[in-house]
Each structure stands twice: as structure tokens, then as C-alpha cells.
Amino acid sequence: MIVVWHYDLDWNSNQIWNAPKEILPYLKEWLRIQRWAGISMIPSFILRENDEFTITQSSLTKMIGFLVDLIIEKNQSPMYTYFIPFEITKDPEFPNNFPIHLQCSDLILYLRPAELNYSFFSVLWNFLAQNSEIQSTHSNKLFFKQFNSLVTANLELNSISALGAQDTTNTLFKLTWSRDFHIVCKIFRIISKNPEIKMLKNLYYQGFRQIPQPIGCAGIELGTTSFPLLLFLEYINTTKDGGWYFWNDLNQQIESWKPRQQIHTVQLHKFGALLGKTIAEFHFYSSQISDSFFKPEPIKSADILKWKNLIKTYLQMTDTIVEEFFNKLNAEDKLISLKTNLITYLKADIWNALQNLLKIKIHQDLHLSQMLALQSSGQVFFYLIDFEGDPLLALEEKFQKDPIFRDLASIFSAFHYIKINCLIQYVKQKWNLTQEDFLKLYLNFSSFREKDKKNSDIEQLISFTKNWERLS
């Protein structure tokens, strides 16, 4: 059910119709509940127009692409600049499909996100087919670029469906056109430089096919810098992410598990080999890129020092959380041991072995949910997605080069998450064990452990799943 905000205005509708930026104050509550906006906890803010451009208009409907600055405090620089395409209409067939109603002195104007209207994507697609350029209100240039011959004009759009839970920093839509042609349109909501489009184009050009084929894009030039707004991609027809087959395998093995049972490795090794091959090929093709942004470089001693300092910084940032966790479990001795091991690791000679190896443009956020898994003709294929870089990194860091081990660490962590979550779910269901008590057993420092069959079975099951993780 759509939440509706109704606002009474003293203005005539033409005053807003002819000056669309006047709707911005009435978008605030709608914007607050959008996951990608990141402002649900901000009590007050100002929306200020940065620029706008007309996407399409008629006597009854117009669609405007707004670039909107989010101002937290007066006279401060914007926290974000959003891309918000919106539809304004005077006489809709279904008024309740519009979340914002502006009661003007003469009539009601109805507002909704433009992507809810088929015409929005149809117009954008035709712009892409013509490699169009549009002038904005403030004389900035909106441009469309197609990357291959898949873009043809005058296709009929048959359906639009949102992908995922719409809880990410961007929004994704599956577009189904005539001739059973499917694509994905990704809308970049926060205006920022972004390595994804360039990375996808480079990888696909080099011959890497385990990614969605990039079809085209739209962006805006603000001064001398271009920012992406839209990305059109091949649609990979699957609902499974990269972790699905591994999650399913471990759950099945746990359900049929008996003490002293061995891991069934046939399916696990099959999926693991395919995943490993995909990641290895990705890193190989990335190392072949000759683009000045992403061309490989040798690792230098300054890089190693920088990475060591970053690890120290991350440890300091998480120190309080880690201490609270171990103290809660009465495991201060384990905490001291962990910190000692980390300090030893940072001083290890193995770091010197990195020198003169290559640093390349890696994924940075490579975990199993950043993949799609597709089964075809009895074979499983893994497709890597979302090349925007680690969301926790600063902008300049998203374009940096790293050793491949950073991606591999993310993958190893993903198997650890699968194992832990499978175990927590199973021991709760079978033995009604709380998460806290399970963690005490799992980390092998339970102060309450009794030598009964239940705890013995749980410990054997933990050992079984640790072996599963190791064999993955």
C-alpha cells in the first residue's frame, strides 16, 4: 500500500508547473523513507535544487530529472547531491498510485518517482539509441552513450519490475521489451564519481564474460567532471546469488549430519572450483587492462606500509566493539591472545614477498552476494556484479589498485558467514541454544560447559562445519 502525503498550497498549479523546483520541499518526507537516501535518522534538512532537466512533457504530464543538494545546516556544503527523476501530472487515471498530492488553489497536482511510469524508461531508451545530448536548466550537459548494437529505437516496453528489496544505495529495474528483450537499468541515486561503468567496459572488452554485458549509460557533465546517472546492463536470468549453492549444500549436510560423519565433498568441490575459476579469470582480465585509470602497477614498499597502517586503523576503529564482545563472554584472555597474534602478523616477513608483485583494480567488495549464480545445461556459472568499490571507502580509494588478496579475503569471509549462520539456525532449532551460549561453545571458551552428550554433539558439529569451510 502506497503512503500518501497531502499538502495544501496557496499557489496556482501553473506556478509550480512552470517552476518544477518548487515541489522539492514537498519531497522531504518521501525522501526520508528511501533507503538509498541515508537520512532516516536526520531530524531536519533542506533540499536545494542543484540543476534540472526535462525528460518529457505534455499538456498534462511532465517528467523532470532533478539534481538535489541535501543541506543539513544552513551555509554548509551539501552532504549529498541526489539524482531524483519525478513525474508531475494533473489528471491521472489512478490518483492513489501517486504518493504526493499538492492541493493547489485551482486543482491537485500529483507527484511520483518517474521510474513508476513506463514512459520514463521508453524515453530514456530512445535517447540512448540516438546517443542524445540534453541541455540542463543551468547549461550542464546530460549525455547518453550506447556501447553496442543491442540498443535499437522504438521498442515497446512490456513490463517493469524492481529488482532486489530496493534497500541498496542505488535502484535496479528489470525492463522487458518487445521481442522478449530483457535489460537492467541501474539508477545511481547519489551523484559521485564511480568506477563501475569504466571497469565493466574494460573487462568486457578484454574478453571477461562472467559479468553482465554493459549496454549503455547516461551521465551529466558538471563543469569538467562527468558523473554517472544511469547504467543499462544485460539481464542475468536468475534469482540465486553466489552463496546459494554453498548455503544449500551446508544446510543439507547439517540436516543429515551424525557424529563422526565426514564431509560430502563432491558438490562442494564442484561449486568451489567453478567459483575459484571465475575469480581467477576476473583477476587475470583485470591485470590485462591498459586503461590509464586501472592499468596494473608493481607493489612498492610505500604501498605495503600504507596497507599495514590501514589494518592498524581498522583494528583501532573496531577495538571497542571487539572488547565488548569478548568481555561479554568472559574471555579477556582470548582477547589478549587475538591482539598478540595480530601484532605478530603485522611484523611478519611475508609482507616483503608482496614487493614487485602487481597491484590491480580489484572488485573491493567481492562477497558471494555480489555475484549471481546461473544454472544452464547442467553447469553453474557465477557472474560478478556491482563494481562501484567498497562502500566504506573514500572516493579516491574506490579507484585505487590493490593486491588480489583483498578480494580473496572477502570470499573467505563469505564462507565463514554461511557456516556461522547455518550453525546458529540449526542449534536454535534442534537444541534451543541461545546465540550467546552457542558462541561460547564455538569459540571454545565456554565457562559453563558440561560433559553431556548435547554439548559433545554440538562441538562435533562445529568441527564438522569448520572442515566444510576449510574444504570450500
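These numbers come from a predicted model, not from an experiment.
- You'll find the ring centres of Trp351 and Tyr345 inside the 6.0 Å limit.
- Between Pro403 and Lys359, the shortest heavy-atom distance links the atoms N-CB, 4.3 Å.
- Annotation: side chain of Asn97 is in contact with side chain of Arg112 (closest heavy-atom distance under 4.5 Å).
- Judged by distance alone, the side chains of Glu388 and Asn170 do bring a donor and an acceptor atom under 3.5 Å apart.
- Between Trp36 and Tyr82, the ring centre distance stays below 6.0 Å.
- Around CD of Gln379, the count of heavy atoms belonging to other residues, nucleotides or ligands within 6.0 Å exceeds 12.
- Geometrically, Lys198 does not engage Phe293 in a cation-pi contact defined by less than 6.0 Å to the ring centre and at most 45° from the axis.
- In this structure the side chain of Cys185 never reaches within 4.5 angstrom of the side chain of Leu231, judged on heavy atoms.
- Taking the side chain as every heavy atom from C-beta outward, Cys217 and Ile197 approach each other to under 4.5 Å.
- For the pair Ser226 (side chain) and Ile220 (backbone), a donor-acceptor distance under 3.5 Å is absent.
- Ring planes of Phe382 and Tyr245: perpendicular class, angle over 60° (limits at 30 and 60°).
- A donor-acceptor contact shorter than 3.5 Å links the side chain of Ser472 to the backbone of Trp468.
- Leu354 and Ile299 make their closest contact through O-CB, 3.5 Å (heavy atoms, listed as atom of the first residue, atom of the second, distance).
- Within a 6.0 Å sphere centred on NZ of Lys401, heavy atoms belonging to other residues, nucleotides or ligands number more than 12.
- Scanning all heavy atoms of the two residues, the minimum distance from Gly243 to Ile418 falls at O-CD1, 4.0 Å.
- For the pair Asn251 (side chain) and Trp247 (backbone), a donor-acceptor distance under 3.5 Å is present.
- When the shell of 6.0 Å around NZ of Lys466 is examined, it contains more than 12 heavy atoms from other residues, nucleotides or ligands.
- At distances below 3.5 Å, not a single donor-acceptor pair connects side-chain atoms of Gln210 with backbone N or O atoms of Tyr383.
- For Tyr235 and Phe181, the ring centers are positioned 6.0 Å apart or more.
- Between the side chain of Ser413 and the main chain of Ala409, a donor-acceptor pair closer than 3.5 Å is present.
- In this structure, Phe282 and His363 have perpendicular ring planes: the angle between them is above 60°, well past the 30° mark.
- The side-chain tip of Arg209 points at the ring of Tyr204 from less than 6.0 angstrom away and within 45° of straight on.
- Taking 4.5 Å as the limit, some side-chain heavy atom of Phe399 sits within range of a side-chain heavy atom of Leu395.
- Put simply, the side chain of Glu196 does not reach to within 4.5 Å of the side chain of Met199, judged on heavy atoms.
- Gln364 places a side-chain N or O within donor-acceptor distance of the main-chain N or O of Glu397, the cut-off being under 3.5 Å.
- Using a 4.0 Å cut-off between charged nitrogen and carboxylate oxygen, Glu156 and Arg179 do not count as a salt-bridge pair.
- Aromatic ring centroids of Phe188 and Phe83 lie 6.0 Å or more apart.
- Within the structure, no pair that satisfies the ring pair (Phe, Tyr, Trp, His ring centres under 6.0 Å) test touches residues 294-314, not counting sequence neighbours.
- Closest of all the heavy-atom pairs between Pro259 and Gln460 is CB-OE1, 3.5 Å.
- Contact of the Phe173 side chain with the Thr171 side chain is registered, since non-hydrogen atoms from C-beta on lie closer than 4.5 Å.
- In this structure, Met371 and Ile279 approach most closely via the heavy-atom pair CE-CD1, 4.2 Å.
- The two atoms that bring Glu234 and Ile211 nearest to each other are OE1-O, 3.9 Å, heavy atoms only.
- Rounding to the nearest 0.5 angstrom, the gap separating the CG atom in Leu142 from the CG atom in Leu124 is 8.5 Å.
- Within 6.0 Å of the CD atom in Gln435, the count of heavy atoms belonging to other residues, nucleotides or ligands does not exceed 12.
- Not a single donor-acceptor pair under 3.5 Å links the side chain of Asn341 to the backbone N or O of Thr344.
- The existence of a salt bridge linking Asp390 and Arg406 is confirmed by a sub-4.0 Å separation between a basic side-chain nitrogen and an acidic carboxylate oxygen.
- A distance of 5.5 Å separates CD1 of Ile42 from CG of Leu70, quoted to the nearest 0.5 Å.
- Counting only distance, with no hydrogens or angles, the side chain of Gln261 and the backbone of Lys258 share a donor-acceptor pair below 3.5 Å.
- A donor-acceptor pair under 3.5 Å is absent between the side-chain atoms of Trp30 and the main chain of Trp5, judged by distance alone.
- Salt bridge Arg189/Glu115: present, at least one basic N to carboxylate O contact under 4.0 Å.
- Under the 6.0 Å cut-off for aromatic ring centres, Phe66 and Phe86 do not qualify, their centroids lying 6.0 Å or more apart.
- Atoms CD1 and CD, on Ile84 and Gln34 in that order, are 8.5 Å from each other to the nearest 0.5 Å.
- Atom-to-atom distance recorded for Gln253:CD and Thr465:OG1 is 10.5 Å, nearest 0.5 angstrom.
- How far CD1 of Ile458 is from CG of Asp437: 9.0 Å, rounded to the nearest 0.5 Å.
- At least one side-chain heavy atom of Tyr442 sits less than 4.5 Å from a side-chain heavy atom of Ile420.
- For Lys308, the NZ atom is densely surrounded, since the number of other residues' heavy atoms within 6.0 Å is greater than 12.
- Proximity of a side-chain donor or acceptor of Asp303 to a complementary backbone N or O of Lys300 within less than 3.5 Å is detected.
- When only modelled atom types and interatomic distance are considered, Asp249 and Gln267 share no side-chain donor-acceptor pair under 3.5 Å.
- For the 3.5 Å distance criterion, the side chains of Thr81 and Asp69 qualify, holding a donor opposite an acceptor.
- Looking only at side-chain heavy atoms (C-beta outward), Pro99 and Val3 stay at 4.5 Å or farther from each other.
- Under the side-chain hydrogen bond (donor to acceptor under 3.5 Å, both in side chains) rule, His182 has a single partner from Asn237, Thr176, Asn158, which is Thr176.
- Surrounding OH of Tyr118 are more than 12 heavy atoms belonging to other residues, nucleotides or ligands, all under 6.0 Å away.
- Residue Ile411 holds its CD1 atom at 15.0 Å from CZ of Phe405, rounded to the nearest 0.5 Å.
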